[in-house]
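Taking it in order: structure first as structure tokens, then the write-up.
Being a predicted model, the structure only gives us computed values, none of them experimental.
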Amino acid sequence: TLIEMPDLINLSFADAKKLLDKRGFDISKLSEQKKETTEAAEGTVLDQAPTKGQQVPNNTELIIVTATHPSKTKVPETSDLDPAAATTLLEDAGLQVTVVNEVSSDRPANVVIRTEPTGGTTVKWGATVKLVVSSGPSSVTVPNLSGKSESEATTILMNAKLKIKIGDPIDVPYGNAQDGKVMSQTPAAGSAQAEGTTVTVRLGKALPPTTTTTTTTTTTTTLAPDPS
């Protein structure tokens with residue numbers, strides 16, 4: 001009696017065996033061969049003999065080739081990728097992924113900093129890899145610089161992990177106490193900013209002193225000649 005060979009591709013070995021048994025094949029004639037691959041789930045049928053659609057006797061020798069994963073795999077390089085793309089790469093390499101966030105002053109938020117183990121490392125298939133993703137730089141509170149000299153403001157901002165930029169001066173009267181002192185700042189004091197943000201300050205600049213000019217008036221009197 002001839003039986004049509006069913007399509008077993010992409011079935012699990014257990015499901016393929018059940019289907020063959022149901023169709024009336026002699027399961028004692030079934031053998032399994034393994035093929036190492038990362039392209040299919042473990043135990044998935046990749047190939048079969050006879051091929052689907054062939055009419056064969058029920059006691060035909062049956063061969064099923066199933067997928068097996070390699071014992072080792074290499075961690076792919078994922079630095080500077082977005083987390084979704086990096087996760088896909090890692091999972092395609094047969095790895096489990098755990099995402100953790102880390103403050104970073106040199107990577108923008110939502111960008112991969114590194115993996116642990118690092119890219120290029122050979123690990124066991126199915127191992128868990130830590131995907132370290134930047135949460136961006138940490139934020140700091142902008143200090144109040146009002147009334148500070150340029151050197152004082154520079155030191156305060158450096159200690160706060162901020163940068164300084166000197167903007168256009170603000171004119172003040174000669175002798176004013178604000179001469180050489182911070183009169184305005186952007187961003188404002190008390191605001192939360194990322195580390196490394198530049199704070200622009202404007203210093204008072206005294207106008208030159210007012211010069212007073214004194215005018216002397218000379219009066220000349222002309223006498224008429226004596227008529228005698």
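Side-chain atoms of Ile64 and Leu11, non-hydrogen and from C-beta on, never get closer than 4.5 Å to each other. Considering only heavy atoms from C-beta on, Ser184 stays 4.5 Å or farther from Val201 through its side chain. Side-chain contact between Asn58 and Arg23 is absent, with no heavy-atom pair separated by less than 4.5 Å. Side chains of Pro137 and Thr197 form no contact here, defined as non-hydrogen atoms less than 4.5 Å apart.
With rounding to the nearest 0.5 angstrom, the OG1 atom of Thr66 is 8.0 Å from the CD atom of Glu42. Atom CD1 of residue Ile170 and atom NZ of residue Lys181 lie 15.0 Å apart, to the nearest 0.5 angstrom. Atom CG of residue Asp80 and atom CZ of residue Arg107 lie 4.5 Å apart, to the nearest 0.5 angstrom. In this structure, CG in Leu62 is found 13.0 Å from CD in Glu32, a value given to the nearest 0.5 Å. Atom NZ of Lys34 is separated from atom CG of Leu46 by 10.0 Å, given to the nearest 0.5 angstrom. The CG atom of Asn10 sits 12.0 Å away from the CG atom of Asp15 when rounded to the nearest 0.5 Å.
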task: Test Leu145 against Glu152 for side chain to side chain contact (heavy atoms under 4.5 Å, CB included), laying out the working first.
output: CA-CA 8 Å; Leu145 304 174; Glu152 289 172 331; over 6 Å; no
- request: Show your reasoning for whether side chain to side chain contact (heavy atoms under 4.5 Å, CB included) applies to Ile9 and Gln48.
  value: CA-CA 7 Å; Ile9 305 301; Gln48 65 182 74; 4.0 Å; yes
- prompt: After noting the C-alpha distance and the side-chain angles of Trp125 and Thr68, does the key distance pass the side chain to side chain contact (heavy atoms under 4.5 Å, CB included) rule?
  reply: CA-CA 11 Å; Trp125 181 273; Thr68 183; over 6 Å; no
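Linking ILVMFWY side-chain heavy atoms closer than 4.5 Å, directly or via other members, places Val182 and Val172 in two distinct hydrophobic clusters. With hydrophobic clusters built from ILVMFWY side chains whose heavy atoms lie under 4.5 angstrom apart, Val142 shares a cluster with Ile164. Hydrophobic clustering of Ile, Leu, Val, Met, Phe, Trp and Tyr side chains at less than 4.5 Å, counting indirect connections, unites Val56 with Val45. In the hydrophobic clustering of ILVMFWY residues, with side-chain heavy atoms under 4.5 Å counting as a link, Ile3 and Leu19 come out together. Val129 and Leu81 end up in different hydrophobic clusters when Ile, Leu, Val, Met, Phe, Trp and Tyr side chains are linked at under 4.5 Å.
Of all the heavy atoms in Lys205 and Asp179, the pair that sits closest is CA-OD1, 3.6 Å. Smallest separation of non-hydrogen atoms from Leu95 and Pro76: CD1-CD, 4.1 Å. When all heavy atoms are compared, the tightest approach of Ala41 to Ala67 is O-CB, 3.5 Å. Taking both residues in full, the closest heavy atoms of Leu131 and Pro83 are given as CD2-O, 3.9 Å, listed atom of the first, atom of the second, then distance. The two residues Gly119 and Glu77 come nearest to each other via the heavy atoms CA-OE1, 3.9 Å. Smallest separation of non-hydrogen atoms from Ser134 and Ser104: OG-CB, 3.5 Å.
Heavy-atom neighbours of Lys148 NZ from other residues, nucleotides or ligands within 6.0 Å: at or below the threshold of 12. Enclosure of atom CD in Glu39 is not indicated, since only 12 or fewer non-hydrogen atoms of other residues, nucleotides or ligands lie within 6.0 angstrom.
Put simply, the side chain of Thr200 never gets that close to the backbone of Gly167: no donor and acceptor are under 3.5 Å apart. The main-chain N or O of Ile63 is never found under 3.5 Å from a side-chain atom of Ser31 such that the two would form a donor-acceptor pair. Checking side-chain atoms of Gln33 against main-chain N and O of Asp47 turns up no donor-acceptor pair under 3.5 Å. Between the side chain of His69 and the backbone N or O of Ala40, at least one donor-acceptor pair lies under 3.5 Å. Side chain of Glu150 to main chain of Leu203: no donor-acceptor pair is present (N/O by atom type, distance under 3.5 Å, no hydrogens or angles).
Looking only at atom types and distance, the side chain of Gln96 has no donor-acceptor partner in the side chain of Thr98 under 3.5 Å away. Residues Asp26 and Ser28 have side chains that bring a donor and an acceptor to within less than 3.5 angstrom of each other.
Residues satisfying the side-chain hydrogen bond (donor to acceptor under 3.5 Å, both in side chains) criterion with Glu102, sequence neighbours excluded, are Arg114.
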